[in-house]
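Let me begin by presenting the structure, written as C-alpha cells, before commenting on it.
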Amino acid sequence: MTWEEVEIAKSQIYKLYSYPYANGVTVFIRDITQNRHQENEMKKLERLNLIGQMAAGISHEVRNPITTVRGFLQILQSRSDSAKNKEFMDLMISEIDRANAIITDFLSLAKANVDSTKMLNLNDIINRIYPMCQADAFNCNKEVLLDLGDLPELELNESEIRQLLLNLVRNGLEATPERGQVQIKTYLHGDSVVLAIKDEGTGIPPEVRDKIGTPFLTTKESGTGLGLAISIGIANRHNAKFDFVTGDCGTTFYVSFPLKKAIEEDLNKNK
Ligand SMILES: Nc1ncnc2c1ncn2[C@@H]1O[C@H](COP(=O)(O)OP(=O)(O)OP(=O)(O)O)[C@@H](O)[C@H]1O
Ligand SMILES: [Mg+2]
C-alpha cells in the first residue's frame, strides 16, 4: 500500500491511498483539510505559548535598565539650560516610553487575565470605546460606523475586549483609503455572538495571509506587528473563534464568542 498527500488550490488537502492488486489498483481518497487546519491552529497556539514564556523571562532584564536611563534623562532635562538639549531629552524620553509600550504589548500576549471577566454586553463595550475610534478615524478623514444587533451578555474581560476592538479597528482604518469607512457589526449567529470588523482596504497581502498572528510580522513602516497576535491571544482566552475573509475590496475580521456559557448563566439565574 502506498499513500500520498495532495493539496488542491491550497484550500483542500486530500490523502490518497492506493492498494495495488493483480487486476488493477484500488484508490481511497480522504479529505484531511480539517485535520490539517487544526494542526496548524495548534502549532500557532504552541508558538504563542513559547513566546509568552520568553517574554516573561526577558521583561525584567530589559525594563530595569530602560527605567534607569529614563530617570537619569529626566534629571538631566530638568538641569539643562539649553532649549535644544531639552528638546532632545524629550525625544529620548518619548522613544523610551514607546519601547516600554512595545514591551507591555508583547507581555500581554501571554497574560491570562481570567480573573477580571464579568458578564457584560459586548455592545456596551463597543459604545464606550466608539468615541475613541471616531476620533482616530476623524484624524485621517475616515469614518467608523456601528451596526449593533441585540445581544445577550457574555463573560468578557472589558480591558482585553477594548484592546481587541482598537487593534482591529486601527488595522481597518490603516487599510482603508481616505473618505472610506470601517464598520463594527455585532449579531447572533447560531450559538455564537459574532463581532465583525469590516474595512474598505485592498485586502491582506498574500504573503501575510497564512502567517496572520505571528508576532512582529508587519508590512507597515511604523508597525510593530503585534496587534493581531495580541488580538488572537485575547480571542483564545475568551474561547472565541478568530477568522477573517479578505479580498481586493477589503477585509472582515470575525470574532465569534460561544454563547453556551451565557445561556447556562441565564438559566441558573432564573432557577
Ligand atoms: N485590515 C487589514 N487589511 C489589510 N492588511 C491587514 C489588515 N490587518 C492586518 N493586516 C496585515 O497584517 C499585518 C499585521 O497586522 P498587525 O495588526 O499584527 O500589525 P501592524 O498593524 O503591522 O502593527 P501594530 O503592532 O501597530 O498593530 C499588517 O502589517 C498588515 O500587513
Ligand atoms: Mg495593527
Side-chain angles (χ1 to χ4, degrees), residues 40-41 43-45 47-52 54-55 59 62 94-111 126 129 132-137 139-147 159-186 194-238 240-256:
N40 288 343
E41 286 303 305
K43 275 190 204 149
K44 242 187 239 170
L45 280 179
R47 238 177 10 224
L48 276 181
N49 227 336
L50 185 70
I51 285 155
M54 277 165 49
S59 67
V62 178
S94 74
E95 284 299 291
I96 283 180
D97 288 343
R98 206 167 78 89
N100 231 333
I102 293 173
I103 295 174
T104 308
D105 277 356
F106 190 45
L107 286 176
S108 75
L109 282 174
K111 222 195 285 160
I126 295 172
I129 208 170
M132 208 192 304
C133 298
Q134 265 182 319
D136 265 3
N139 284 336
C140 50
N141 198 14
K142 297 166 196 174
E143 231 184 327
V144 177
L145 301 178
L146 297 185
D147 178 5
S159 68
E160 287 204 327
I161 297 298
R162 274 169 176 250
Q163 170 139 45
L164 170 98
L165 284 162
L166 277 181
N167 289 346
L168 295 182
V169 170
R170 284 198 174 136
N171 277 351
L173 286 172
E174 281 159 4
T176 299
E178 274 196 42
R179 287 191 290 280
Q181 295 170 340
V182 170
Q183 190 192 45
I184 307 177
K185 187 171 173 167
T186 57
V194 183
L195 163 71
I197 296 180
K198 180 169 181 259
D199 65 55
E200 294 177 349
T202 50
I204 300 176
E207 69 276 14
V208 175
R209 274 176 212 173
D210 293 340
K211 298 187 210 128
I212 278 296
T214 307
F216 299 115
L217 176 81
T218 183
T219 54
K220 299 172 192 169
E221 217 164 279
S222 58
T224 57
L226 285 175
L228 287 178
I230 290 168
S231 306
I232 292 171
I234 292 172
N236 287 338
R237 287 197 282 280
H238 285 81
K241 220 173 103 216
F242 191 93
D243 233 329
F244 63 88
V245 172
T246 189
D248 296 346
C249 300
T251 303
T252 308
F253 279 95
Y254 296 95
V255 188
S256 310

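Both counts, for ligands and for their atoms, begin at 1 and track the order of listing.
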Among all protein heavy atoms, pick the one closest to [atom] and tell me residue, atom and distance.
| atom | answer |
| --- | --- |
| atom 21 (O) of ligand 1 | K220 NZ, 2.7 Å |
| atom 4 (C) of ligand 1 | G203 O, 3.4 Å |
| atom 17 (O) of ligand 1 | N171 ND2, 2.8 Å |
| atom 2 (C) of ligand 1 | D199 OD2, 3.8 Å |
| atom 15 (O) of ligand 1 | L228 CD1, 3.7 Å |
| atom 14 (C) of ligand 1 | L217 O, 3.3 Å |
| atom 31 (O) of ligand 1 | T219 OG1, 2.4 Å |
| atom 3 (N) of ligand 1 | A175 CB, 3.4 Å |

**Prompt:** Quick one: CG on D210 to CG on N40, what's the gap to the nearest 0.5 Å?
**Reply:**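 Answer for the CG-CG pair, D210 versus N40, is 8.5 Å.
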
**Message:** Minimum distance, heavy atoms only, to atom 6 (C) of ligand 1: which one of I204, L168, I232, L166 is it?
**Reply:**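 Selected option, by shortest heavy-atom distance: I204.
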
**Asked** If hydrogens are left out, which of T202, I212, T224 has an atom nearest to atom 26 (O) of ligand 1, that is, the closest non-hydrogen atom?
**Response**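 Residue with the shortest heavy-atom distance to the ligand atom: T224.
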
Below the 3.5 angstrom mark, is there an N/O of [X], backbone or side chain, next to an N/O of ligand 1?
| X | value |
| --- | --- |
| V208 | no |
| S222 | no |
| L226 | yes |

[X], portion touching ligand 1 at heavy-atom distance under 4.0 Å:
| X | value |
| --- | --- |
| T246 | neither |
| T251 | side chain |
| T218 | both |

[X]: heavy atom below 4.0 Å from ligand 1, yes or no?
| X | value |
| --- | --- |
| G250 | no |
| G225 | yes |
| N167 | no |

Return yes when atom [atom1] of [X] has more than 12 non-hydrogen atoms of other residues, nucleotides or ligands closer than 6.0 Å, and no otherwise.
| X | atom1 | answer |
| --- | --- | --- |
| D248 | CG | no |
| K198 | NZ | no |
| R98 | CZ | no |

Closest contact, heavy atoms only, [X] versus [Y]:
| X | Y | result |
| --- | --- | --- |
| E143 | L173 | O-CD2, 4.4 Å |
| G213 | I232 | CA-CD1, 3.5 Å |
| V182 | G172 | CG2-C, 3.6 Å |
| H238 | E160 | CE1-OE1, 3.6 Å |

**Asked** Going by an N to O cut-off under 4.0 Å, is there a salt bridge joining K142 and E178?
**Response**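 Looking at K142 and E178, the cut-off is not met.
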
**Prompt:** For ligand 1, which atoms, with element, lie under 4.0 Å from some heavy atom of G223?
**Reply:**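 Contacts of ligand 1 toward G223, numbered from 1: 23 (O), 26 (O).
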
**Request:** Would you please indicate yes or no on a ring centroid separation below 6.0 angstrom for F253 and F242?
**Result:**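 Centroid distance F242-F253: below 6.0 Å, so yes.
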
**Message:** Quick check against the 3.5 Å criterion: does D199 have a side-chain atom that pairs as donor or acceptor with the backbone of T251?
**Reply:**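 Yes, because the side chain of D199 sits within donor-acceptor range (under 3.5 Å) of the backbone of T251.
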
**Message:** Is it the case that the side chain of R209 and the backbone of I204 share a donor-acceptor pair, with hydrogens and angles ignored and the cut-off at 3.5 Å?
**Reply:**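 Side chain of R209 to backbone of I204, a donor-acceptor pair under 3.5 Å: yes, one is there.
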
**Request:** State, without any angle test, whether N171 and K220 hold a side-chain donor-acceptor pair at a distance under 3.5 Å.
**Result:**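 There is such a pair between these side chains.
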
**Message:** Let me check your reading of the structure: within less than 2.8 Å of the Mg ion (ligand 2), is there an N/O/S atom from N171?
**Reply:**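 Yes, since at least one N, O or S atom of N171 sits under 2.8 Å from the Mg ion (ligand 2).
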
